[in-house]
Amino acid sequence: VEVLVGNVERTGNTKECVFVRILPDAISIDDVYGGASTANPNIHGVFAILSACHAAAAAVALALMNRASTCQLPISIRPAELLDEDLALISQPIEIGEAVLAGGGAVANGFLLGLSTFDVFGRLHVVDPKKVTPGILNRCAWFQADDLGHSKSERLVMRAREYFPGLDLVPHELT
């Protein structure tokens, strides 16, 4: 299965495709070509991440079940429908005060990936007593092979810190 994002051509080497189109007011995911994409810098990054999840689900369904019907394609992600008249709020700074993120594994990695698309400030303590192991690399967005054997909380904070200019990320290797 080939996933085509934006205005790119098929390679011709795959039987099935998932087309991700960027429209002026939405992101569309389908297994049928629906026309050209329009570059839209106004779509917030969190919607790109959300769209990636749906596109990946459609691609896996096509690859494993030979049909994306379980995904109910086409999928249209429209920020204005999700947030209604509060759409402008998504770009406002978010003060979290002082908070604790319990865990530094897959859920924490996904949470911080989504959070990195917002202008967030305050202090976030990342708490995890464990080390990075080979079995988690495939589901943790921030970790890399050279993180193996190191503290999850320390490595997650190290990798994510540059994406949070207003957030003080503090690692804690404890339960």
Side-chain angles (χ1 to χ4, degrees), residues 1 3 5-6 18 20 22 25-29 39-61 63-64 70-71 75-175:
V1 175
V3 178
V5 180
V18 173
V20 181
I22 303 161
D25 66 339
I27 298 174
S28 173
I29 298 140
N40 184 4
N42 295 324
I43 290 182
H44 192 275
V46 77
F47 296 110
I49 292 172
L50 179 61
S51 300
C53 295
H54 288 291
V60 170
L64 297 180
T70 57
C71 296
I75 297 169
S76 182
I77 297 169
R78 297 184 184 283
E81 287 180 5
L82 295 172
L83 297 174
D84 200 28
E85 64 271 352
D86 294 333
L87 186 56
L89 290 177
I90 201 165
S91 297
Q92 304 250 334
I94 302 166
E95 165 65 59
I96 66 164
E98 191 153 353
V100 176
L101 179 59
V107 173
N109 272 251
F111 173 77
L112 285 180
L113 181 61
L115 190 65
S116 72
T117 66
F118 295 93
D119 180 15
V120 61
F121 60 98
R123 175 173 281 171
L124 182 63
H125 299 272
V126 180
V127 180
D128 196 306
K130 298 177 186 171
K131 308 278 187 203
V132 178
T133 59
I136 68 168
L137 290 180
N138 66 333
R139 61 181 185 266
C140 292
W142 297 95
F143 295 148
Q144 300 174 13
D146 64 343
D147 294 324
L148 292 173
H150 295 279
S151 162
K152 282 185 187 179
S153 62
E154 290 177 10
R155 293 305 242 198
L156 181 54
V157 165
M158 179 192 78
R159 298 275 183 211
R161 186 172 275 139
E162 73 179 275
Y163 296 91
F164 295 95
L167 186 63
D168 183 19
L169 289 165
V170 183
H172 300 277
E173 189 176 358
L174 51 89
T175 301

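- For the pair Asp128 (side chain) and Ala102 (backbone), a donor-acceptor distance under 3.5 Å is absent.
- Proximity of Trp142 to Met158: side-chain heavy atoms (C-beta onward) are nowhere separated by under 4.5 Å.
- When all heavy atoms are compared, the tightest approach of Ala55 to Val20 is CB-CG2, 3.7 Å.
- Thr117 places none of its side-chain heavy atoms less than 4.5 Å from the side chain of Tyr163.
- Although no hydrogens or angles enter the test, the distance criterion places no donor-acceptor pair under 3.5 Å between the side chain of Arg155 and the main chain of Gly149.
- Put simply, NZ on Lys152 and NZ on Lys131 are 11.5 Å apart, with the number rounded to the nearest 0.5 Å.
- At least one side-chain heavy atom of Val100 sits under 4.5 Å from a side-chain heavy atom of Val127.
- Smallest separation of non-hydrogen atoms from Ala108 and Leu101: CB-CD2, 3.8 Å.
- Just one residue in the list Leu113, Ile90, Leu115 forms a side chain to side chain contact (heavy atoms under 4.5 Å, CB included) with Val46, and that residue is Ile90.
- Of all heavy-atom pairs between Ile29 and Ala58, the closest is CG2-CB, 4.5 Å.
- In summary, of the residues considered (Leu124, Asp119, Leu112), a side chain to side chain contact (heavy atoms under 4.5 Å, CB included) with Phe164 occurs for Leu112 alone.
- Side-chain contact between Asn109 and Ile136 is absent, with no heavy atoms from C-beta onward closer than 4.5 Å.
- Taken from NE2 in His54 to OG in Ser28, the straight-line distance is 12.0 Å, to the nearest 0.5 Å.
- Annotation for Leu148 and Pro134: closest pair CD2-N, 3.3 Å, computed over non-hydrogen atoms.
- Using a 4.5 Å heavy-atom threshold, the side chains of Asp147 and Leu156 count as separate.
- The shortest heavy-atom contact between Ala63 and Val1 is N-CG2, 3.5 Å.
- The two residues Cys140 and Gly105 make their nearest non-hydrogen contact at SG-C, 3.7 Å.
- Between the side chain of Ser153 and the backbone N or O of His172 there is at least one donor-acceptor pair closer than 3.5 Å.
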**OP:** Determine, step by step, whether Leu167 and Phe118 satisfy the side chain to side chain contact (heavy atoms under 4.5 Å, CB included) criterion, reporting the C-alpha distance in whole Å, the side-chain angles of both residues, the deciding distance to 0.1 Å, and the verdict.
**Re:** CA-CA 11 Å; Leu167 186 63; Phe118 295 93; over 6 Å; no
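- Between Leu50 atom CG and His44 atom NE2 the span is 12.5 Å, to the nearest 0.5 Å.
- Between the side chain of Arg161 and the main chain of Leu169, a donor-acceptor pair closer than 3.5 Å is present.
- Atom CZ of Phe143 and atom OG1 of Thr133 lie 9.0 Å apart (nearest 0.5 Å).
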